[in-house]
Protein chains: 2
Amino acid sequence: MPDDRSSPKEVSYSGRNRVLDEAERLFRTRGYNAVTMRDIACEVGIRQASLYYHFSSKEQLFVAVTERLFERHRIGLQQAIDQDCDDLRSQLHATAAWFLSQPPIYFLSMVHTDMPCLSEENVTRLSNAFEKSIFELIRQIFAQAQERGEIRNTRPQLLAGLFLSVMESIPFVNTRPGAVSGEMIVNEMISVLLDGLKL
Amino acid sequence: MPDDRSSPKEVSYSGRNRVLDEAERLFRTRGYNAVTMRDIACEVGIRQASLYYHFSSKEQLFVAVTERLFERHRIGLQQAIDQDCDDLRSQLHATAAWFLSQPPIYFLSMVHTDMPCLSEENVTRLSNAFEKSIFELIRQIFAQAQERGEIRNTRPQLLAGLFLSVMESIPFVNTRPGAVSGEMIVNEMISVLLDGLKL
DNA sequence: CCTACCGATCGGTAGG
DNA sequence: CCTACCGATCGGTAGG
């Protein structure tokens, strides 16, 4: 019986959570389809069939991973917003700082590539979770700034979508020559968003 | 021998181009991994093995499809920009109108999900093609507006990335409740980009 | 462009 | 959590 696990990590670190952690890392970087149950099992250090002791299917595992991911972002975003509760600019900076502190997530790829592989029920489930955990929080930031009379009349939904798509494209823009830090990109993006490009 | 092809379409419409068209449609909507050679063959109306008469592998087919797609965008973007050569605002509107006139493409998903499945050589090849066909054209729009003193000093690269990510997120934003037309979203986006959100 | 076929790999099950 | 295994499906080849 081989028992020399490569990373014992913590004493009471349940198998289920180890599976969730490794699966999340793999799904996040390569997407649902490109990750196999054998990949995940290999990273965890168990046999592929043993994954079915924790989760009934690959799809169920993906749903559990994604719901946990969304919930973590909901908490992190809420804290980021609450700590700087004065004006829109500082709220956007706090929000951006949260996203930069986390491994990048690719919502657009998830919607476009991963979602179509799931059952209709799980698609609605994850869509709603995203809506409530992430999108709605960002939308409210803009809606409240608008109520305070801080910004001009614009659909908060559009601004939330714009802001999220910009956050998502940072790792992409960042690979090009003359790469700058994520913080600098965010500063420039928020500056453009608030003040515009006009002289 | 069954010979009742469902869509004869045009007389001299070569098999190779039929393959390219159907493959592009499938790759565009579902991504590289989720599309099988059998899917493509089925849409074309031939056997899966026959695809290898036209293309030596699935990867080669994907590269050919994507290069053709990029080249079409390069031409379309160039024409859009040239016809409205005065100010930044009209150039952005013409550019956005071109993207809206085409089936949506998901660059971020391509980079994140499709690219890692290809050989290193083909990754650089497609990355360079994207760079020269699409990204550089958008970048120049901003760079030139900056040289004309039309907008304040900002990295044109960042603005190009921002603009493209916004274009890409339109079909996503558009699915939410209270969906509005792509044109309206684009108008609001460009307005924010140029004038900012401040009152 | 076809028929026939192959080795590899996938998600998942049986039974312990 | 394991071993052993299965049916389905994948990209690709041989030979015409």
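Lettering of chains follows the sequences in order, A, B, ..., and the numbering in each one begins at 1. The analysis underlying the following values was restricted to heavy atoms, covering all of them including side chains, and did not include hydrogens, waters or symmetry mates.
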C:dG11, D:dC10, D:dA14: which one has an atom nearest the side-chain heavy atoms of B:Ala49? D:dA14
Take atom CG of A:Asp39 and atom P of C:dC10, then tell me their distance rounded to the nearest Å. 7 Å
Regarding A:Glu71 and A:Arg68, does a basic nitrogen lie under 4.0 Å from an acidic carboxylate oxygen? no
Measure the distance from CE on B:Met37 to P on D:dC10 and round it to the nearest whole Å. 12 Å
Only pairs with both distances under 3.5 Å count, Watson-Crick or wobble alike; so what is the partner of D:dA8 in this structure? C:dT9
Winner on side-chain proximity to A:Arg47, out of D:dC1, D:dC2, D:dG12, is D:dC2
So which nucleotide does C:dG16 pair with, by the Watson-Crick or G-U wobble rule with both distances under 3.5 Å? D:dC1
Considering every strand and a 4.0 Å limit on heavy-atom distances, what is the contact class for A:Val19: base, sugar-phosphate, or nothing? nothing
Determine the contact category for A:Ser50: base if any of its heavy atoms lies under 4.0 Å from a base atom, sugar-phosphate if only primed atoms, P, OP1 or OP2 are that close, otherwise nothing. base
Please give, in whole Å, the distance from C:dG12 P to A:Gln48 CD? 9 Å
Rounded to the Å, how far apart are A:Arg30 CZ and C:dC10 P? 10 Å
Salt-bridge test for A:Asp195 and A:Arg89: reply yes if a basic N is under 4.0 Å from a carboxylate O, no otherwise. yes
Quick one: B:Gln60 CD to D:dG11 C1', roughly how many Å, whole number? 14 Å
Among D:dG11, C:dG12, D:dC1, which is the nearest nucleotide to the side chain of A:His54? D:dC1
Are B:Tyr106 and B:Phe27 connected in a single hydrophobic cluster, I mean Ile/Leu/Val/Met/Phe/Trp/Tyr linked by side-chain heavy atoms less than 4.5 Å apart? no
Whole-Å distance separating the CZ atom of B:Phe27 from the P atom of D:dG11: 9 Å
Count the heavy atoms of every other residue, nucleotide or ligand shown that sit under 6.0 Å from CZ of B:Arg152, and state whether that count exceeds 12. yes
Nearest-Å distance for atom pair CZ/P, residues B:Phe55 and C:dC1: 11 Å
Ignoring backbone atoms, test whether A:Tyr53 places a side-chain nitrogen or oxygen under 4.0 Å from the OP1 or OP2 oxygen of D:dC1. no
Spacing between B:Lys58 atom NZ and D:dT13 atom P, to the nearest angstrom: 15 Å
With respect to the side chain of B:Thr36, which nucleotide from D:dC1, C:dC1, D:dG11 is positioned closest? D:dG11
Note: for A:Ser56 and B:Arg38 on DNA chain C, the residue whose nearest nucleotide lies more 5' is B:Arg38
Look at A:Glu67 together with A:Arg74 and state whether they make a salt bridge at an N to O cut-off of under 4.0 Å. no
